[in-house]
Amino acid sequence: MVPKRSSGRDFYDQLLSEAPDGRCALCGQGLADTLDHQLPKTAYPLLAVTPANLVPTCRDCNFYKGEQAPATAEEQTLHPYFDGHVHDYVWLTARIAGPPEPAISFHATPPPDMPPVWAARVLRHFTTLKLARLYNPQAGPELRSLSRSLHRLPPKEIPEHLRERAADWAEENPNCWQAALYRGLAESTWYAEEGYKEPWH
Ligand SMILES: [Zn+2]
């Protein structure tokens, strides 16, 4: 425990304040209100206060990661700052089920050209942090809002609109749930022609 008003507390607050948009660096969704030891301090005490080992996260991600001590590279979740080119790959996908009405589920789908260790870590990251459970419920309000917008567009412009939305979100982060959702919708001929007309429940 770091006493209040100590330089250690200032240091922690400084690291927390660097979270992009105040969001968790692991899921991108929850509020960054704690610092996660990427490698647990019980197993790696010398790394406990190394800034690179302290990542602003939400309490859920921090809890799900717990005190897992990865024994191999494959067993590590992704590090938001240091895994470099892992973040250049598109690995989050959304499956669009339907008819009769659209149903969305998110999946970790490492691309075939991703190095196997990274692919294993992407899958580990997605399952350990329970990202499907976090992202799946986001799709409902987004689809309802999108359906209203698409009803105002000429039908022939809908596929291009979905592709643009996918590209705009990918600029933020190619593996955010919104980018994955719009990529999936843009690839679904059924959604662009019929699916968007169906109510989402
Ligand atoms: Zn999180």
Side-chain angles (χ1 to χ4, degrees), residues 1-2 9 11-44 47-95 104-111 114 117-143 166 168-184:
M1 191 67 194
V2 180
R9 173 55 62 186
F11 171 68
Y12 271 52
D13 288 345
Q14 173 68 27
L15 287 175
L16 263 184
S17 73
E18 288 172 3
D21 298 322
R23 300 278 177 174
C24 170
L26 295 179
C27 66
Q29 193 68 31
L31 296 178
D33 49 15
T34 188
L35 289 172
D36 182 71
H37 291 84
Q38 284 284 286
L39 294 169
K41 58 188 171 189
T42 47
Y44 300 88
L47 285 177
V49 292
T50 303
N53 195 41
L54 291 170
V55 172
T57 63
C58 69
R59 292 188 190 280
D60 280 350
C61 285
N62 184 260
F63 175 76
Y64 291 141
K65 267 185 82 233
E67 288 286 306
Q68 297 180 41
T72 64
E74 287 90 339
E75 292 176 7
Q76 287 183 44
T77 51
L78 299 179
H79 193 294
Y81 309 145
F82 286 115
D83 286 323
H85 295 297
V86 170
H87 304 293
D88 294 338
Y89 286 85
V90 172
W91 54 263
L92 186 68
T93 55
R95 281 185 210 143
I104 310 294
S105 59
F106 290 91
H107 305 267
T109 314
M114 185 179 240
V117 172
W118 288 0
R121 289 185 59 192
V122 160
L123 294 170
R124 172 64 66 124
H125 187 85
F126 188 79
T127 52
T128 299
L129 302 178
K130 304 188 192 304
L131 295 184
R133 185 172 168 272
L134 180 64
Y135 294 160
N136 289 347
Q138 310 291 335
E142 186 71 20
L143 280 192
D168 288 344
W169 276 110
E171 288 283 317
E172 288 286 316
N173 173 1
N175 296 304
C176 67
W177 67 264
Q178 295 95 331
L181 174 65
Y182 282 98
R183 275 194 300 272

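By convention here, the first residue in the shown sequence is residue 1. All of these numbers come straight from a predicted model, not from anything done at the bench. Side chains included, hydrogens not; waters and symmetry mates left out as well; all remaining heavy atoms used. Just follow the structure's listing: the first ligand is 1, and inside any ligand the first atom is 1.
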Just to verify, what does [X] make a salt bridge (charged side-chain N to carboxylate O under 4.0 Å, His left out) with, not counting sequence neighbours?
X	value
Glu18	none
Asp36	Lys65
Asp33	Arg59

Checklist entry - With distance as the sole criterion, is a donor-acceptor pair present between the side chains of Trp177 and Gln29 under 3.5 Å? => result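 Trp177 vs Gln29: donor-acceptor pair found between side chains.
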Next on the checklist: Measuring from atom CG of Leu92 to atom OH of Tyr135, what distance do you get when rounded to the nearest 0.5 angstrom?
Outcome noted: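 Those atoms lie 6.5 Å apart.
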Checklist entry - If you measure from NE2 on His87 to CG on Asn173, what distance do you get to the nearest 0.5 Å? => result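 Answer for the NE2-CG pair, His87 versus Asn173, is 8.5 Å.
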Checklist entry - Which protein N, O or S atoms sit under 2.8 Å from the Zn ion (ligand 1)? => result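 Near the Zn ion (ligand 1), below 2.8 Å, one finds Cys24 SG, Cys27 SG, Cys58 SG, Cys61 SG.
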